[in-house]
Amino acid sequence: MSPIDESTEKRSLNFIETFVENDLKEGKNDNRIHTRFPPEPNGYLHIGHAKAICLDFGIAQQYGGKCNLRFDDTNPTKEDTEYVDSIMEDIHWLGFDWEDRLFYASDYFQKLYDFAVVLIKEGKAYIDDQSAEEISKQKGTPTQAGTESPFRKRSVEENLDLFNRMNKGEFAEGTRVLRAKIDMASSNMHFRDPIIYRIINYPHHRTGSTWKVYPMYDFAHGECDFFEGITHSLCTLEFEVHRPLYDWFVDQLKDPNNSYRPRQIEFNRLNLTYTMMSKRKLLQLVQENLVNGWDDPRMPTICGLRRRGYTPESIKNFVNKIGYTKFDGIIDVSLLEYTIREHLNQIATRVSAVIDPIKLIITNYPEGKVEMMEAVDNPEDENSAVHEIPFSREIYIERDDFMENPPKKYFRLSPDNEVRLKNAYIIKCMGVKKNDATGEIEEIYCEYDADTKSGMAGSERKVKGTLHWVSVEHSVSAEVRVYDRLFMVENPSDESVSDFREALNPDSLKVLQNCRVEPYAASGKPLDRFQFQRIGYFNVDKDSTPDHLVFNRTVPLKDAWGKMKDKV
RNA sequence: UGACCCAUGGUGUAAUGGUAGCACUGCAGUUUUUGGUACUGUAUGUCGAGGUUCGAAUCCUUGUGGGUCAACCA
């Protein structure tokens, strides 16, 4: 078990777990626990779905139950197999498995149709010939009762005939719907004769043009839960007012001699500061090329986070930390950033990279000499392996690791000052070479103390600063992509931001071209994730080639030097 | 001016009638071959008013505040 798992082991029960345990205690549903994750395949999964996935699969795991994957594909106009594939990939990547329980709402189209016919025969559903506008007008408002449709008293025979012909394609879209006959005066708007079937002339990604009528969510969802033997149907808070209708349909369907029934339980949706979570708007970002696809590392999608270097463990741990309640809040992204930093700190190999290089020449080091310096892969790991870094007379250091006129608490290199080169020698700055025209520093000259190599007796000497470096001759050029927040406003999903494009951060992607990395960072395999010293956590992007290394910054390190600068 | 749901530090959560705790963030330190990491300390909270009780964040009443619902979306 990883340290991360241990840290969450003791967490107390959330209200859903309490609910489930009570059901178990009462012996409901033969003590079965069966959940489902029911995405509509109309977009890629995002971090908010990860929260639902962890709950649905997590509850099942925790209580020895099962969790189905069910694609809620009742609206062919929005859905596509591309989304089906990506959703399955992302769930697996997160580490969850539905085994042989992959279902589609479209698997049940016949059963749902048959059930609708039963409702018609029982006089509980009717065909309405009115337009969407007329039906909407008759619905009333939350404070005003609705009025009954003139078609409400249609005969069973006529309803049956019309429904049959609707499905044969005899009528145009929008000309007729099937409605449940419940209560136009109900205080719950969803009971005012909800539409349960509509005509759609658009090929379904699985059933093609077999069907001309498609069930609505409210009609399909509870029924699918029932067909699959789901015991706990977990969804987000906005479906709370749908629950009475969910129960109403289940009541019509269930076997009165069998106590089994699925139960819907709602929890709070995930909101993150600076993050847009609406699928519709994310789709818009993709379609308008404001980002480079669903897996753009700035996207809050699972594949975007994956490409950026987030680990499944960190996402799951994040979800465990935020919990499940019935209170809608907004979570600070810094918590997500904390969880990935926490995990990466444990597993990421430390590698030297110089993002903004300046050349440093060690004047008293022999020309042509190369020493291999030992570097610990991960200082947080007692049994860490080591790797070697070539050291030579000419090296690159970070441009801002040298200051000609340093402020008081500057620990790094400055004239006549000593610093340690990480895993190598202590050096002292003896001078610089400046560009005659611009006055810009072009080279830094230092002398090294040969007795201070890491591990030697002379290395005990304390110096305030330690710098990372790469050998000029041996280093490999690379490109580093630094991703900042895509949105600048704290809550871009807020209604007050009418057009989210205004909130887009034009500087969200910075590409740094002149970076130099130590050869080990280019060696491939075990190094897909690492920490560049004092810079941040990175991973190798899929765009990388042997000739052109590309790194994505997963998350920056906490910028202590930045804080120091504020004080000086 | 309806129905349903909700209200604990800046943020997210725990305490299920019995000491308001944890994490993130903030601030201040200690350690360190990077100022990262790790560790320590510290600040800030039960929406208001009544009640029940020996005792209330918890139960009741009421007020206030927030969310959801009037798609042929899910």
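Proteins come first, then strands; the chains are lettered A, B, ... in the order of their sequence lines, and each starts at number 1.
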Nearest atoms (heavy-atom pairs only) where A:Tyr410 meets A:Asp400: OH-O, 2.8 Å

Please determine if a side-chain N or O atom of [X] lies less than 4.0 Å away from the OP1 or OP2 oxygen of [N].
{"X": "A:Lys558", "N": "B:U25", "result": "yes"}
{"X": "A:Tyr217", "N": "B:C73", "result": "no"}
{"X": "A:Arg461", "N": "B:U33", "result": "no"}
{"X": "A:Arg192", "N": "B:A71", "result": "no"}

When you match A:Ile135 and A:Glu238 each to their closest nucleotide on RNA chain B, which lands nearer the 5' end?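 Residue closer to the 5' terminus by nearest nucleotide: A:Glu238.
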
Under 4.0 Å, heavy atoms only, any strand: does [X] hit a base, just the sugar-phosphate, or nothing?
{"X": "A:Glu240", "value": "sugar-phosphate"}
{"X": "A:His242", "value": "base"}
{"X": "A:Ser334", "value": "sugar-phosphate"}

Of the nucleotides [options], which one has an atom closest to the side chain of [X]?
{"X": "A:Ser459", "options": "B:A71, B:U25, B:U33", "answer": "B:U33"}
{"X": "A:Arg350", "options": "B:C73, B:G36, B:U33", "answer": "B:G36"}
{"X": "A:Pro379", "options": "B:U34, B:C73, B:G36", "answer": "B:G36"}
{"X": "A:Lys139", "options": "B:A74, B:C72, B:G36", "answer": "B:C72"}
{"X": "A:Arg534", "options": "B:U34, B:A70, B:C24", "answer": "B:U34"}
{"X": "A:Tyr338", "options": "B:U33, B:A23, B:A74", "answer": "B:A23"}

Quick one: does any side-chain atom of [X] pair with a main-chain N or O of [Y] as donor and acceptor, under 3.5 Å?
{"X": "A:Thr81", "Y": "A:Val84", "value": "no"}
{"X": "A:Arg553", "Y": "A:Val480", "value": "no"}
{"X": "A:Arg198", "Y": "A:Pro215", "value": "yes"}

side-chain hydrogen bond (donor to acceptor under 3.5 Å, both in side chains) with [X]: which residues, sequence neighbours excluded?
{"X": "A:Thr325", "answer": "A:Asn268"}
{"X": "A:Arg341", "answer": "none"}
{"X": "A:Asp129", "answer": "A:Arg154, A:Arg176"}
{"X": "A:Lys139", "answer": "none"}

Residues in residues 172-179 of chain A with a heavy atom under 4.0 Å of RNA chain B, by number, are A:Gly174, A:Val177

Could you pull out all residues at least two apart from A:Tyr448 that satisfy ring-ring contact (aromatic ring centres under 6.0 Å, His included)? A:Tyr365, A:Tyr425

ring-ring contact (aromatic ring centres under 6.0 Å, His included) partners for A:Phe103, two or more places apart: none

Write down the distance between [atom1] ([X]) and [atom2] ([N]), rounded to a whole number of angstrom.
{"X": "A:Asp559", "N": "B:U37", "atom1": "CG", "atom2": "P", "result": "11 Å"}
{"X": "A:Leu237", "N": "B:A7", "atom1": "CG", "atom2": "C1'", "result": "13 Å"}
{"X": "A:Tyr214", "N": "B:A71", "atom1": "OH", "atom2": "C1'", "result": "19 Å"}
{"X": "A:Asn345", "N": "B:C39", "atom1": "CG", "atom2": "C1'", "result": "14 Å"}

Per-nucleotide protein contact string for nucleotides 11-19 of chain B (B base, S sugar-phosphate only, - none; heavy atom under 4.0 Å): SSSS-B---

Salt bridge check, A:Glu418 against A:Arg461: does any charged N sit closer than 4.0 Å to a carboxylate O? yes

NZ/NE/NH1/NH2 to OD/OE distance under 4.0 Å, A:Lys78 and A:Glu40: no

Of all pairs that satisfy salt bridge (Lys or Arg N to Asp or Glu O under 4.0 Å), the ones with a partner from residues 381-391 of chain A, not counting sequence neighbours: none

Tabulated below should be each protein N or O lying under 3.5 Å from an N or O of nucleotides 1-3 of chain B; please produce it.
{"from": "B:G2", "atom 1": "N3", "to": "A:Pro142", "atom 2": "O", "distance (Å)": "3.1"}

Between N or O atoms, less than 3.5 Å apart, protein on one side and nucleotides 30-32 of chain B on the other: list the pairs.
none

Base-paired stems in RNA chain B, each at least three Watson-Crick or G-U pairs under 3.5 Å: B:2-7 with B:64-69, B:10-13 with B:21-24, B:26-30 with B:38-42, B:47-51 with B:59-63

